**Q** 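Pasting a structure here, questions to come.
Residue numbers begin at 1 in each chain, while the letters A, B, ... track the order of the sequences. Treat the numbers as computed from the prediction; the structure is a model and nothing was measured.
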Amino acid sequence: VVDQDTEPEVVVVGVDGSEAGKRAAHFAGRHAREGGATLVVAYVVPWSQYAVQTIEDNERRPVTKERESREAHATIVDPLVEALSADGVKAEGVVRHGHPAETLCDIAEERRASHLLVGRIGQSRVRTLLFGSTPGNLIQIATVPVTVVP
Amino acid sequence: MSTVLAAGIDETINKNFETVSTAIQKVIFYSVKVAGVEFPLVVAWLFVAAIVFTIYFRGINFRGFKHAIQLVKGDYTRPDEVGEVSHFQALATAVSGTVGLGNIAGVAVAITLGGPGATFWMIVAGLLGMASKFTECTLGVKYRRENADGSVSGGPMFYLSRGLAEQGKAGLGKVLAAAFAVFCILGSLGGGNAFQSNQAFAQMRSVTGGDDGPLGGGASGVIFGLILAAFVGVVIIGGIKRIARVTDKLVPFMAVFYVSCCLIVLGANASAIPEAFRLIFAGAFSPEGVTGGIVGVLIVGVQRAAFSNEAGLGSAAIAHSAVQTNRPVTEGYVALLEPFIDTVVICTMTALTIVITGAYVNEGTEGVQLTSQAFETVLPWFPNALALAVVLFAFSTQLAWSYYGAKATAYLTNESRIADTIYKAVFLAFVVIGAASSLDVIIGFSDAMIFAMSIPNLIGVYLLMRVVKRELTEYEADLQSGVISKVDA
């Protein structure tokens with residue numbers, strides 16, 4: 001339970017580098033600014049501990065993980081945080097590895113966020129049937145209200 | 001004229017290689033007489049080590065099983081470790097390299113030489129070997145090196161040199177590490193390579209019509225070898241990692257497919273299962289018609305088990321050491337599952353299939369063809385599927401071993417690029433030699449080289465097992481007290 005009196009409100013927005021993610025971030029930014037909340041811009045590098053890799057991939061994994069995080073910051077998260085800050089939003093960025101929906105929920109819980117937002121890319125029904133979608137998964141497992149921005 | 005020449009290529013390669021192979025075998029398999037039977041000391045060396053580690057770590061192979069599964073499932077993976085190499089991934093990679101023709105053709109060799117009873121000793125050696133694997137893989141992680149670029153290198157070269165240096169035996173450590181690296185390079189050419197292409201070719205040849213088929217000619221081994229070498233070369237020299245990634249993803253499915261097929265064959269012969277077990281048990285203690293009686297069958301079983309699961313050889317420690325963990329012993333736990341999957345499950349399945357169908361009494365069939373025949377009695381289409389699986393297993397095992405060999409070469413030559421290229425070229429040549437030679441010559445050479453690795457490796461592991469004990473005791477205490485606990489999902 002968030003203690004509204006002492007802790008500032010936190011809102012988490014999940015982004016993925018797509019236009020929809022950007023729209024969601026700006027939508028979230030407007031609401032955060034109006035409500036005086038902090039906006040956490042989160043990017044999750046899809047990763048499964050069960051994905052089979054080659055020995056060489058394993059050997060270089062620490063380097064690869066570092067690079068993936070750095071690139072996600074540089075190309076996706078940091079530019080958004082900058083743009084939002086310029087608009088007067090209290091924004092910060094975070095990059096994590098893991099299952100996208102589950103990790104977004106983890107971040108929301110850790111930050112005691114009151115609200116989670118994501119964009120949707122409008123993928124085909126077949127793709128959603130086969131692989132599911134992050135907004136779809138989020139709605140099933142999130143412990144805070146979720147807003148999907150079209 | 002050219003056809004006459006071509007017809008003789010496979011034979012010439014075989015003959016020359018045989019001379020070298022026999023000479024090497026004489027040294028490595030130096031035997032003493034035990035109960036009137038020639039007992040190769042190196043086999044006893046591996047078997048005794050597995051028993052010593054099992055006792056020293058109070059049966060970690062059995063009592064650590066459940067915890068190993070929990071670790072693989074990620075129950076203890078902290079959030080900050082997500083995105084790094086998981087226990088599951090380290091195990092999967094190691095198993096991909098280990099599961100190969102040893103599980104399919106090697107078992108057939110064991111039963112041909114030792115009768116059904118060899119299965120029993122393979123299983124025993126597999127269960128005990130879990131303790132050897134536990135010990136060496138814990139050391140692999142404990143003494144791995146973080147390179148300047150952030151990547152990690154581990155394995156016997158590192159625990160022998162760094163671990164023994166820590167105990168004030170730097171000189172001995174260096175010698176053992178260098179000896180291991182040399183044998184590892186040679187082992188990567190034999191069991192990890194030539195044996196694989198030899199048996200892949202044997203199966204391809206047999207499904208395409210044997211001697212009368214397109215692969216029946218006198219140079220077809222060389223041709224098949226060249227094609228396989230081209231694929232291996234594209235990955236290890238050309239750097240086309242995509243092929244390796246696809247192969248590594250397919251191997252687990254192929255292994256499941258293979259075991260499923262074994263179960264189908266066993267199901268079709270369900271009423272014969274008790275008799276098969278009787279044959280295996282009876283054959284283990286009072287074998288009929290096996291050279292050397294009980295000692296003879298034990299030697300065969302232990303030898304083929306070690307060839308298949310590599311416990312005590314040190315090779316797997318190279319693959320396991322990439323895992324992300326700050327407690328080396330956790331990877332030891334996970335690694336003990338490897339001989340279990342490889343030998344206790346997959347090899348036993350192959351053995352039961354061969355014994356239950358009675359295929360092993362057929363004279364003149366050897367190696368992979370024997371396994372193939374056993375399957376054919378129930379699943380007529382199986383030899384073709386097996387040919388595909390065998391090529392894939394061979395390929396993935398070759399890629400894994402070329403990596404081990406390259407690491408050993410890098411260690412010996414201080415990461416020389418020229419040496420790396422030379423090693424890889426020689427490795428490719430052995431893909432061809434393997435396909436062109438006969439099974440007995442190849443398996444003799446492969447055994448000798450692989451077993452030689454266990455000599456420096458196990459000397460070092462004995463000297464370092466106290467370190468593993470300390471790690472294990474501390475870890476168990478932390479588990480007990482709750483310092484280490486499951487991470488809530």
Side-chain angles (χ1 to χ4, degrees), chain A residues 12 14 16-17 40 42-74 76-77 93-113 130-131 134 137-138 140-143, chain B residues 71-74 77 79-97 144 146-155 235-236 239 241-253 316 318-324 396 399-404 406-407 488-489:
Chain A
V12 175
D16 59 357
V40 176
Y43 177 83
V44 181
V45 183
W47 168 258
S48 161
Q49 61 154 336
Y50 296 119
V52 179
Q53 301 207 97
T54 66
I55 301 185
E56 272 156 323
D57 287 339
N58 282 351
E59 179 194 275
R60 301 199 51 77
R61 186 64 212 163
V63 189
T64 316
K65 182 190 174 186
E66 235 281 303
R67 200 197 60 226
E68 286 168 352
S69 299
R70 209 174 46 235
E71 282 176 1
H73 264 295
I76 299 166
V77 176
V94 56
V95 174
R96 288 272 188 87
H97 281 71
H99 181 273
E102 286 171 13
T103 312
L104 283 177
C105 285
D106 289 346
I107 296 171
E109 268 170 43
E110 284 163 28
R111 301 298 304 265
R112 295 163 161 251
L130 286 174
F131 304 108
T134 299
N137 287 337
L138 261 185
Q140 297 296 336
I141 59 174
T143 50
Chain B
L71 285 166
V72 171
K73 274 166 54 196
T77 307
D80 61 301
E81 291 172 336
V82 174
E84 303 278 1
V85 178
S86 65
H87 285 299
F88 174 87
Q89 286 168 327
L91 178 67
T93 318
V95 170
S96 273
R144 65 183 167 188
E146 273 176 42
N147 303 318
D149 66 353
S151 62
V152 286
S153 301
V235 178
I236 67 172
K241 304 285 179 239
R242 187 175 283 268
I243 299 178
R245 289 201 183 107
V246 172
T247 312
D248 279 8
K249 282 193 173 53
L250 285 174
V251 165
F253 290 103
I318 303 175
H320 280 283
S321 59
V323 74
Q324 166 64 35
S396 71
L399 292 185
W401 275 90
S402 74
Y403 175 84
Y404 299 157
K407 285 280 146 188
D488 290 328

**Q** Between A:I55 and B:A319, what is the shortest heavy-atom contact and its length?
**A**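 Shortest heavy-atom separation between A:I55 and B:A319 comes out as CD1-CB, 4.4 Å.
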**Q** Please look at B:K407 and chain A and tell me whether the side chain, the backbone, both or neither of the residue comes under 4.5 angstrom of a heavy atom of that chain.
**A**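 Interface part for B:K407: side chain.
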**Q** Side chain, backbone, both or neither: which part of B:N147 has an atom under 4.5 Å from a heavy atom of chain A?
**A** neither
**Q** Top residue by heavy-atom pair count (under 4.5 Å) with chain A, among B:G74, B:G97, B:A92?
**A** B:G74
**Q** Pick whichever of A:E68, A:R96, A:Q53 has the most heavy-atom pairs under 4.5 Å with chain B.
**A** A:Q53
**Q** Using every non-hydrogen atom in the two residues, find where B:G150 and A:P62 come nearest and quote the distance to one decimal.
**A** O-CB, 3.6 Å
**Q** Residues two or more places apart in sequence or in another chain: which of them pass side-chain contact (heavy atoms from CB on, under 4.5 Å) with B:S86?
**A**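 B:S86 satisfies side-chain contact (heavy atoms from CB on, under 4.5 Å) with A:Q49, B:F88, B:Q89 only.
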**Q** Below 4.5 Å from any heavy atom of chain B, which atoms of A:D106 appear? Answer side chain, backbone, both or neither.
**A**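 It is neither, since no heavy atom gets under 4.5 Å.
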**Q** Should we count CD of A:E110 as having more than 12 external heavy atoms under 6.0 Å?
**A**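 It does: A:E110 CD has more than 12 such atoms within range.
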**Q** If I compare all heavy atoms of A:N58 with all of B:T93, which pair ends up nearest, and what's the gap?
**A**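 Taking A:N58 first and B:T93 second, the nearest heavy atoms are ND2-OG1, 2.8 Å.
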**Q** Which bit of B:V251 comes within less than 4.5 Å of chain A, counting heavy atoms only: side chain, backbone, both or neither?
**A** neither
**Q** With only heavy atoms counted, which part of A:S48 is less than 4.5 Å from chain B, the side chain, the backbone, both or neither?
**A** backbone
**Q** Using a 6.0 Å cut-off, check whether atom CZ of B:F253 has over 12 heavy atoms from anything other than its own residue.
**A**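 12 or below, so no.
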**Q** Identify which of A:H97, A:K65, A:E66, A:E102 forms the greatest number of heavy-atom pairs closer than 4.5 Å to chain B.
**A** A:K65
**Q** Heavy-atom pairs under 4.5 Å with chain A - which of B:Q324, B:E81, B:E84 has more of them than the others?
**A**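 Among the listed options, the one with the most contacts to chain A is B:E84.
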**Q** Taking side chain as everything from C-beta outward and backbone as N, CA, C, O, which of these in B:A90 sits under 4.5 Å from a heavy atom of chain A? Side chain, backbone, both or neither.
**A** backbone
**Q** Quick check: closest heavy atoms across A:V52 and B:P252, and the distance to 0.1 Å?
**A** CG2-CG, 4.4 Å
**Q** I'd like to know if the side chain of A:R61 reaches the main chain of B:G83, judged simply by a donor and an acceptor atom lying under 3.5 Å from each other, with no hydrogens or angles considered.
**A** yes
**Q** Of the non-hydrogen atoms in B:D149 and A:V63, which two are nearest, and what is the gap between them?
**A**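 Of all heavy-atom pairs spanning B:D149 and A:V63, the closest is O-CG2, 3.2 Å.
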**Q** Where do B:Y403 and A:E56 come nearest, in terms of heavy atoms and distance?
**A** CE1-CG, 3.6 Å
**Q** Is any side-chain heavy atom of B:V85 less than 4.5 Å from a side-chain heavy atom of A:E59?
**A**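 B:V85 does not reach A:E59 side chain to side chain.
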